[in-house]
Number of protein chains: 2
Amino acid sequence: MTGSSPDRAGRATRRKRRPSGAVTIKEIAALSQVSSATVTRALQGHPRVRPETRARVERAAEALGYRPNHAARTLATGASKTIGLLLPSTGDRYWGEVVEGIEDAADDAGYSVLLATSHGDAARSRRMLDLLLSKRVDGMVIAARREVEEALTHAELPVALVRVGPDAELDDGDVEAVRTLPDDRLAGWLEGRRLGDLAPGVIGFDDVSAATLAVEHLVGLGHRRLAFVGAGNRRSAALRVAGFRQSTGRAGVESAAVVASSDRLADSHAAALDLLGAPERPTGIVAYDDMVALGAIRAARTLGLRVPEQVSVVGIDDIDVAAFLEPPLTTVRQPKREIGRLAAIALFEALGSGTPSPGRALRGELIVRGSTAPPPGHDAADEAR
Amino acid sequence: MTGSSPDRAGRATRRKRRPSGAVTIKEIAALSQVSSATVTRALQGHPRVRPETRARVERAAEALGYRPNHAARTLATGASKTIGLLLPSTGDRYWGEVVEGIEDAADDAGYSVLLATSHGDAARSRRMLDLLLSKRVDGMVIAARREVEEALTHAELPVALVRVGPDAELDDGDVEAVRTLPDDRLAGWLEGRRLGDLAPGVIGFDDVSAATLAVEHLVGLGHRRLAFVGAGNRRSAALRVAGFRQSTGRAGVESAAVVASSDRLADSHAAALDLLGAPERPTGIVAYDDMVALGAIRAARTLGLRVPEQVSVVGIDDIDVAAFLEPPLTTVRQPKREIGRLAAIALFEALGSGTPSPGRALRGELIVRGSTAPPPGHDAADEAR
DNA sequence: TTGTAAGCGTTATCAC
DNA sequence: GTGATAACGCTTACAA
């Protein structure tokens, strides 16, 4: 065979791939006089590496400014150490705080977070789900909303998954039942449905107990005529209504009305206007959330009613300006960060064990501020009962 | 040589790597009777592929439920189609909206977003920067804050980078100058510094013009005694003060005071209390941001002054409850989503061209609501001047 | 137009 | 305790 065979020539001219320019373990290997396998072992804290070898390798890595290439690692190990996050949006305060909790827990566990938003659209959800899967996330946290659930049923995702959010786990039939069931049967029905327990892999807010907390606060102050404003057709609204009806029934309040309205300010303002304009108006209002509470307060003001002296209002959520409103809003705080944290932790557990973690509904916390007080004509002595 | 040589036996028993289980181009290649190279070409819309081959490959991919492995692609191409995002936090409203804009633009351009938070800590910033680099992001958008800037100076990042945020591009010396420079020299100084133009690769908010917009609105309503509340030591605060002083000077208002306070409600409340308690109190207040405006409104109320009848207040930012406050807040809206969008777009341009994009300061928009009105004793005729 | 095979940077198996 | 080297799944230069 001739030295100048076409084969040899071809090899020689063949332009090798442009390297990324970044430092690789090969260079560390060369500098520290070991094989690349040893470099990996040394850098990963493998037990069977001679201490001085490890030291030499670490020094070389440091000197060269080595940064492991995660893409290569992912390819080799099959794990990306990244989780995906699919949310309706990140702009609104609710999700922003949840994300913070997730990011926090992920960081503690050595994971990164890849973001995707559905914008409430099923097709987009599906596309994003595919994208996250393509990027080989090890698991995902998704906001449990109808359009995403739909996308999920067609998917059968090959990764661990935790659902999170306020609107989880109550189907439409139940929503209807909550509204129409007679008072005396509601409590039993709620128990039977075990609404406090969420399905496996779902982390959410305990809507029922949140409303209960609000009612108990008002009843404790002496209120006997209560109303719930803001019963939209969301699952969370139905659950809060259920909690409201259940606890008012238990406390034997004289009158407990439920007034529908969306969570938009104008709607809740109008609804509260009707409610407070009636002759037998309630002295205490439990609002679906803080925005609805704002509408109710405004309605009271429109009617010349003072809050909290003549009407008490309690919200649910604790938005960040709640404390700065006039009056500062009494509300049931939703632990958003904590929900995020627990969702991420549940995901990592599932990742480890291979089985979905049990669902959890986190209880809110009553924050008493200035929008609630004893009802008119109620003297302090009664309060101590 | 014997058929049962140790070498052969070794090869035979050698357990190959566990495959990820996902569908690969090889399987598509097998099913569609072409080589894997052709599969790649077909799937990527490479021009020189026979249409029927392409169709066959696409059908096979579809049938098998193929999802490209981005880790492998990243390794092969050197581009991850992912950008990193380093922010102080995602929980607060400001960043949440910026993220939304970034995510949006990234999605349009075919990029994903990897999230990291600095929590305002330089060491953590550095760690996160390294992590993002390790994950081989193609570029990054980072919040331009002091601790991150510090981390950056020691880094010399090998990727394209855009900085975004309200606190950019004014150093401490300038902050001092803005406060102390006599009125008549301020305008010239501002021009000379070209504060409206941000450094290359920085997308921000035009703080100077925001304050100007607020002042001009108040002056247009007939106000002649103005004050700025909330001059903290942030760069954005200094720029807003500069804008305030510059425009009040230009308009020849009788008195233009600047009162320092943090952006916390209690502080701004106290500061405004002093200001409005004085005999020669201003009739119009420009607040550093909406929270400070809230504090000012509360202070006015504390003193029995009605807003807007006796005192007008204009904020900067337009937080989401601004419209629902009592009174609804007049403010200069900060285009957060847009800032995010432009930052991402600037990054992609830089990615394409290799050169940093020019900086941009986005102007706010005045939103007139209920917290501003002509000053007391000002009749409607004057307004038409 | 299509096939072959090298190469991206890492991990992990086997042999010594 | 260390070294060779196959493999992860994909892209791409070159040959055909």
Side-chain angles (χ1 to χ4, degrees), chain A residues 6-7 9-30 32-54 56-57 61 64 66-81 134-136, chain B residues 6-30 32-54 56-57 61 66-81 134-136:
Chain A
D7 190 76
R11 283 265 165 72
T13 24
R14 193 178 209 131
R15 276 246 310 293
K16 304 302 178 196
R17 251 345 193 310
R18 72 262 106 96
S20 73
V23 179
T24 72
I25 49 171
K26 284 214 171 113
E27 300 170 47
I28 299 179
S32 51
Q33 314 264 40
V34 294
S35 71
S36 63
T38 300
V39 172
T40 294
R41 284 188 287 250
L43 259 25
Q44 303 206 330
H46 188 103
R48 281 203 290 272
V49 176
R50 207 188 321 150
E52 58 195 79
T53 307
R54 186 191 310 283
R56 196 146 35 87
V57 169
L64 294 173
Y66 172 67
R67 261 189 281 260
N69 182 328
H70 259 88
R73 187 175 284 177
T74 298
L75 191 57
T77 62
S80 63
K81 282 295 188 176
S134 234
K135 299 248 166 161
R136 291 300 185 268
Chain B
D7 190 76
R8 261 187 108 260
R11 284 264 163 73
T13 26
R14 193 177 208 131
R15 275 248 308 296
K16 304 301 176 197
R17 259 330 203 313
R18 73 263 107 97
S20 74
V23 180
T24 71
I25 50 171
K26 283 216 172 109
E27 301 171 45
I28 299 179
S32 51
Q33 315 263 41
V34 293
S35 73
S36 63
T38 300
V39 173
T40 295
R41 287 188 284 250
L43 260 23
Q44 302 209 329
H46 188 104
R48 284 203 290 272
V49 176
R50 206 186 325 149
E52 56 194 80
T53 307
R54 186 191 308 282
R56 196 146 34 89
V57 169
Y66 172 68
R67 263 191 280 260
N69 183 328
H70 258 90
R73 187 173 286 176
T74 298
L75 191 55
T77 63
S80 63
K81 283 295 189 176
S134 231
K135 300 248 166 163
R136 291 300 184 266

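Numbered from 1 within each chain, the chains take letters A, B, ... in sequence-line order. What you see is a predicted model, and the numbers here were worked out from it, not measured in a lab.
In this model, the phosphate group of C:dG3 is approached by a side-chain N or O of B:S35 to a distance below 4.0 Å at OP1 or OP2. Phosphate contact (OP1/OP2 of C:dT1, side-chain N/O of B:R50, threshold under 4.0 Å): absent. A:T40 has a side-chain polar atom (N or O) that falls below the 4.0 Å cut-off from OP1 or OP2 of C:dT11. Here A:T53 reaches the OP1 or OP2 of D:dT2: one of its side-chain N or O atoms lies under 4.0 Å away.
Here CD1 of B:I28 is found 5.5 Å from CG of B:L43. Values are rounded to the nearest 0.5 Å. Separation of atoms CG (A:L64) and OG1 (A:T24) is listed at 9.0 Å; rounding is to 0.5 Å. Note that the CZ atom of A:R48 and the OG1 atom of A:T38 stand 12.5 Å from one another [nearest 0.5 Å]. Interatomic distance, B:H70 NE2 to B:L75 CG, rounded to the nearest 0.5 Å: 13.0 Å. Atom CG of residue B:N69 and atom NZ of residue A:K135 lie 11.5 Å apart, to the nearest 0.5 angstrom.
A residue-by-residue look at B:L75 and B:V49 shows that B:V49 has its nearest nucleotide of DNA chain C further toward the 5' end.
When rounded to the nearest whole Å, the span between CG of B:L43 and C1' of D:dT11 equals 13 Å. A:Y66 has its OH atom 7 Å from the C1' atom of C:dG9, to the nearest Å. One atom, CD of A:Q44, and another, P of C:dT10, lie 11 Å apart when rounded to the nearest Å. Taking atom CD of residue A:Q33 and atom P of nucleotide D:dG3, one finds them 10 Å apart after rounding to whole Å. Following rounding to the nearest Å, A:I28 (CD1) and C:dG9 (P) show an atom-to-atom distance of 12 Å. Rounded to an integer number of Å, the gap from NE2 of B:H70 to C1' of D:dG9 is 13 Å. In this structure, B:R56 atom CZ and C:dT1 atom P are separated by 14 Å, rounded to whole Å. Rounded to whole Å, atom C1' of C:dG3 lies 13 Å from atom NE2 of B:H46.
Residue B:A72 places its side chain closer to D:dG9 than to any other of C:dG3, D:dG9, C:dT10. When each of D:dA13, D:dT2, C:dT11 is scored by its nearest atom to the side-chain atoms of A:R41, the top-ranked nucleotide is D:dT2. Listed candidates were D:dG9, D:dT12, C:dT11. Nearest to the side chain of A:T77 is C:dT11. When each of D:dG9, D:dT5, C:dG9 is scored by its nearest atom to the side-chain atoms of A:A37, the top-ranked nucleotide is D:dT5. With C:dG3, C:dT11, D:dG9 as the choices, the nucleotide that has an atom nearest any side-chain atom of A:I25 turns out to be C:dT11. Nearest to the side chain of B:T38, among C:dT4, C:dG9, C:dT2, sits C:dT2.
Residue-level contact check: A:V34 touches the backbone only, with heavy atoms under 4.0 Å from sugar-phosphate atoms and none from bases. Counting non-hydrogen atoms under 4.0 angstrom, A:R48 reaches a base of the nucleic acid.
Side chain of A:S36 to main chain of A:K26: no donor-acceptor pair is present (N/O by atom type, distance under 3.5 Å, no hydrogens or angles). Between the A:R56 side chain and the A:S32 main chain, a donor and an acceptor come within less than 3.5 Å of each other.
Across every non-hydrogen atom of A:R73 and A:P68, the tightest pair is NH2-CB, 3.4 Å.
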Query - Which nucleotides of DNA chain C pair, in dot-bracket form (Watson-Crick or G-U under 3.5 Å, | meaning another strand) - result: ||||||||||||||||

